Amino acid sequence: MVTGKGGTGKTTVAAAMALSLAEQDKRVLLVEVEGRQGLAQMFDVPPLPYVERRIAQGPGGGEVFALAVDAEAALLEYLDMYYHLGRAGKALDKVGAIDFVTTIAPGLRDVLLTGKVYEATRRKAHGRLAYDAVVLDAPPTGRIVPFLNVNHEVADLAKVGPIRNQADAIMGMLRSDVTRIHLVTLLEEMPVQETLDAFEQLEALDLRIGSIVVNMVRNSPLDDEALALAVKEKLPTVEIAKGLRAAGITATKEVVATLAAEARDHAVRVGLERENRDRIDALGKKVTQLPLLPEGIDQGALYDLAEELRY
């Protein structure tokens, strides 16, 4: 499961993780539950229906399938599976009853969404599991705890019965050795703080953290000595002017001063990023860095990120 503050690139990381897992001839299911169709856009395919569809080939011959889980469709499937209400369920959908139920009972919505993921991890085909791995592009960190804590969410809905049994089975899967939650962040104050908060809350629920993925990392072209001088505004202007002239740029006082000011801002940012990295390292979990890709994310970039995640 992959979560992170909005804007940290958690969907990109989830997609790259699925490709990485498919590297060794594996069948991987990549699931989204937020209704944004972010995976379809990322892989440049038509909007995903409520059915599993192959969207990519892994570098080592494996396959990545994708599924967009819709709560209403999941409820129809649930009613048909447990109560054999195939046509009756569709009739309820036509009159808006299903949308009404999932709206007034948001806990039920999360049970249905996570329940579909649970079903995919258990389903068998030809005597073996249908998928070697399932990757969930989960809700952001601000909503991940209630989303995964389905036992609590369903407590007011059902004390016994199929819904309660399914919630218990889902929690068993989430807390098992086969499940890990990966937190995606940027080296910025708010994403890091949300990561720390989510880390503490998830561990309190006995949910297992896999790794912290630091996304969009920019390497500084300046060494530590130059960064220290830049922060103190003591970079040698003579050397700056010499470098500008070597690049064919007229080294006026204004240009040199502007470049020195930009160097100071850059050095301050690098210092803050290092402080945030220290806070992440203090969690004691594996940390994976992914580089900032200035050209944006396309399928080629996803394969590059998948290669980074392998290590």
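The basis for the numbers below is simple: all heavy atoms, side chains too, and nothing from hydrogens, waters or symmetry mates. Throughout, residue positions are numbered sequentially from 1 according to the sequence presented. Nothing here was measured: the structure is a model prediction, and the numbers come from that model.
Remark: side-chain polar atoms of Glu32 are not paired, donor with acceptor, to backbone N or O of Leu136 under 3.5 angstrom. Checked by atom type and distance alone, the side chain of Arg27 pairs as donor or acceptor with a backbone atom of Ala130 at under 3.5 Å. Glu194 places no side-chain N or O within donor-acceptor distance of the main-chain N or O of Lys5, the cut-off being under 3.5 Å. The backbone N or O of Val287 sits nowhere less than 3.5 Å from a side-chain atom of Ser211 that would complete a donor-acceptor pair. Glu188 places no side-chain N or O within donor-acceptor distance of the main-chain N or O of Val192, the cut-off being under 3.5 Å. Using a distance-only test at 3.5 Å, with no hydrogens or angles considered, no donor-acceptor pair links the side chain of Arg36 to the main chain of Val33. A donor-acceptor pair is defined here as one N or O able to donate and one able to accept, closer than 3.5 Å; such a pair exists between the side chain of Asn276 and the backbone of Leu272. Looking at Thr179, its side chain does come within 3.5 Å of a backbone N or O of Met173 through a donor-acceptor pair. Proximity of a side-chain donor or acceptor of Glu52 to a complementary backbone N or O of Leu29 within less than 3.5 Å is not detected. Judged by distance alone, with hydrogens and angles left aside, the side-chain atoms of Lys286 form no donor-acceptor pair with the main-chain N or O of Gly210 at under 3.5 Å.
Remark: the Thr195 side chain and the Arg279 side chain contain no N/O donor-acceptor pair separated by less than 3.5 Å.
Shown here for Leu202 and Leu183, the closest heavy-atom pair between the two residues is CD1-CD2, 4.1 Å. Minimum heavy-atom separation, Thr141 to Thr3: N-OG1, 3.2 Å. When all heavy atoms of Pro46 and Arg53 are compared, the closest pair comes out as O-NH1, 3.4 Å. Across all non-hydrogen atoms, the minimal contact from Asp206 to Arg175 is O-CG, 3.4 Å.
Within the 4.5 Å cutoff, no side-chain heavy atoms of Ile181 are placed close to those of Arg208. A 4.5 Å side-chain heavy-atom check between Asn215 and Thr185 finds every atom pair outside the cut-off. Using a 4.5 Å heavy-atom cutoff, the side chains of Tyr131 and Val28 are not in contact. At least one side-chain heavy atom of Leu283 sits less than 4.5 Å from a side-chain heavy atom of Leu196. Arg218 is listed as a side-chain neighbour of Arg269, based on a closest heavy-atom distance under 4.5 Å. The closest side-chain heavy-atom distance from Val214 to Leu290 is not below 4.5 Å. Residues Ile55 and Leu48 meet the side-chain proximity criterion, which asks for heavy atoms closer than 4.5 Å. Counting heavy atoms from C-beta on, the side chains of Leu148 and Met1 come closer than 4.5 Å.
Under a cut-off of 6.0 angstrom, the local environment of CD in Glu200 is sparse, with at most 12 non-hydrogen atoms contributed by other residues, nucleotides or ligands. Atom CG of Asp223 is surrounded by more than 12 heavy atoms from other residues, nucleotides or ligands within 6.0 Å.
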Stepwise side chain to side chain donor-acceptor pair (under 3.5 Å) check, Gln201 with Asp197: CA-CA 6 Å; Gln201 294 165 2; Asp197 292 342; 5.7 Å; no
